[in-house]
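Heads up: the structure comes next, in structure tokens.
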Amino acid sequence: MGQKKDTTSSTEKFKIYSPEEAFQHLTQIRSEEEQQLYVATDEILFHVWDALCISIDKKCRDEYLPYLPHVFDLLKNTSDGREIYEYLIYIEERLGTPPGDNLAPRRANRTVDILLKYRTAILRSSSREEE
């Protein structure tokens, strides 16, 4: 899939990374806590969100890489996940999900819920280790 950067506003609300940008984001040095969250985000996008239903084929493992950095950045800064939900719906529309498809919102809601739970668990675990 030829993905290119899409900026719909000055804040890049719906940013899609090029393969090169996504790789640079992927290889940034992060704290252990952030790295755990990054890996969890990648796994959740591939196995839970899986908008293209490709998770059974490991050869497609990098298909969602252009979306991972932005989801991760949104996850670090969201209180309720609304921005992630909107972004995932936007991506599904770009991928060709028909308007009115009720599975896209369900997938997005489930994905956001799981992402927020993982974030909470990782932060809780990290704070316990510091005590």
Side-chain angles (χ1 to χ4, degrees):
M1 276 182 140
Q3 302 296 336
K4 53 185 173 175
K5 189 177 1 178
D6 178 23
T7 55
T8 58
S9 71
S10 60
T11 60
E12 296 182 331
K13 183 175 180 180
F14 298 127
K15 183 172 173 107
I16 297 173
Y17 283 65
S18 71
E20 296 81 18
E21 291 172 317
F23 182 75
Q24 287 175 348
H25 197 275
L26 177 72
T27 58
Q28 287 179 1
I29 296 174
R30 296 184 173 79
S31 68
E32 183 177 333
E33 171 186 283
E34 280 191 333
Q35 189 60 30
Q36 287 176 5
L37 188 57
Y38 199 91
V39 169
T41 303
D42 180 37
E43 293 293 323
I44 292 165
L45 286 179
F46 187 68
H47 294 287
V48 176
W49 178 56
D50 194 19
L52 297 172
C53 300
I54 58 171
S55 63
I56 61 168
D57 186 354
K58 301 302 179 203
K59 294 177 190 164
C60 298
R61 190 64 183 91
D62 63 349
E63 190 67 31
Y64 302 134
L65 190 59
Y67 318 122
L68 172 62
H70 196 61
V71 171
F72 175 74
D73 290 341
L74 291 172
L75 180 59
K76 289 191 323 181
N77 298 306
T78 190
S79 60
D80 63 3
R82 184 73 189 161
E83 305 89 349
I84 301 169
Y85 172 87
E86 291 172 357
Y87 180 66
L88 294 177
I89 295 297
Y90 169 79
I91 295 302
E92 288 215 31
E93 289 170 359
R94 284 184 54 95
L95 293 173
T97 301
D101 177 6
N102 66 352
L103 293 178
R106 289 170 60 188
R107 264 191 303 274
N109 273 325
R110 182 169 181 240
T111 301
V112 168
D113 184 50
I114 293 170
L115 284 168
L116 292 174
K117 286 178 181 174
Y118 265 83
R119 182 183 71 182
T120 299
I122 289 169
L123 292 176
R124 189 177 299 142
S125 173
S126 176
S127 66
R128 276 190 227 143
E129 290 173 7
E130 291 174 3
E131 294 175 357

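Within the model, atoms CG of L123 and OH of Y118 stand 14.0 Å from one another, a figure rounded to the nearest 0.5 Å. One distance of note links CD1 of I114 with NE2 of H47; it measures 12.0 Å at 0.5 Å rounding. To the nearest 0.5 Å, the span separating CG on L115 from CD on E43 amounts to 12.0 Å. Put simply, CG on L26 and CG on L68 are 7.0 Å apart, with the number rounded to the nearest 0.5 Å.
The closest side-chain heavy-atom distance from E92 to R107 is below 4.5 Å. Residues Y64 and L52 meet the side-chain proximity criterion, which asks for heavy atoms closer than 4.5 Å. The side-chain heavy atoms of K117 and I44, taken from C-beta on, include no pair separated by under 4.5 Å. Side-chain contact between V112 and T78 is absent, with no heavy atoms from C-beta onward closer than 4.5 Å. Looking only at side-chain heavy atoms (C-beta outward), I89 and E93 come within less than 4.5 Å of each other. At a threshold of 4.5 Å between non-hydrogen side-chain atoms, the residues F46 and E63 do not count as touching.
What you find for Q28 and Q35 is that their closest heavy atoms are O-OE1, 4.5 Å. Closest heavy-atom contact between P69 and A22: CG-CA, 4.0 Å.
With hydrogens and angles ignored, the 3.5 Å screen pairs a side-chain donor or acceptor of T27 with a backbone N or O of Q24. A donor-acceptor pair is defined here as one N or O able to donate and one able to accept, closer than 3.5 Å; such a pair exists between the side chain of T120 and the backbone of L116. Judged purely by atom type and a 3.5 angstrom limit, S125 has no side-chain atom pairing as donor or acceptor with the backbone of A121. With hydrogens and angles ignored, the 3.5 Å screen pairs no side-chain donor or acceptor of Y85 with any backbone N or O of T111.
Atom CZ of R110 has 12 or fewer heavy atoms from other residues, nucleotides or ligands within 6.0 Å.
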Could you go through the side chain to side chain contact (heavy atoms under 4.5 Å, CB included) check for I91 and I16 one step at a time?
CA-CA 9 Å; I91 295 302; I16 297 173; 3.7 Å; yes
Could you go step by step and tell me if E83 and K13 meet the side chain to side chain contact (heavy atoms under 4.5 Å, CB included) rule?
CA-CA 8 Å; E83 305 89 349; K13 183 175 180 180; over 6 Å; no
Starting from the C-alpha separation in whole Å, work towards a yes-or-no answer on side chain to side chain contact (heavy atoms under 4.5 Å, CB included) for L45 and L88.
CA-CA 10 Å; L45 286 179; L88 294 177; 4.0 Å; yes
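A salt bridge does not link R119 to E33: none of the charged side-chain nitrogens sits closer than 4.0 Å to a carboxylate oxygen.
With sequence neighbours excluded, the residues satisfying salt bridge (charged side-chain N to carboxylate O under 4.0 Å, His left out) with R82 are E86.
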Which side-chain N or O atoms in residues 53-60 pair as donor and acceptor under 3.5 Å with protein atoms at least two apart or in another chain?
| unit_1 | atom_1 | unit_2 | atom_2 | d |
| --- | --- | --- | --- | --- |
| S55 | OG | D50 | OD2 | 2.9 |
| D57 | OD1 | K59 | N | 3.0 |

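A cation-pi arrangement is absent between R94 and Y67, since the terminal nitrogen or guanidinium carbon is not both under 6.0 Å from the aromatic centre and inside a 45° cone about the axis.
For Y38 and H25, the distance between ring centers is under 6.0 angstrom.
Residues V39 and V48 do not share a hydrophobic cluster, clusters being chains of Ile/Leu/Val/Met/Phe/Trp/Tyr side chains in contact below 4.5 Å. Placement of L103 and I84 in two distinct hydrophobic clusters is found when ILVMFWY residues are connected by side-chain heavy-atom separations under 4.5 Å, directly or transitively.
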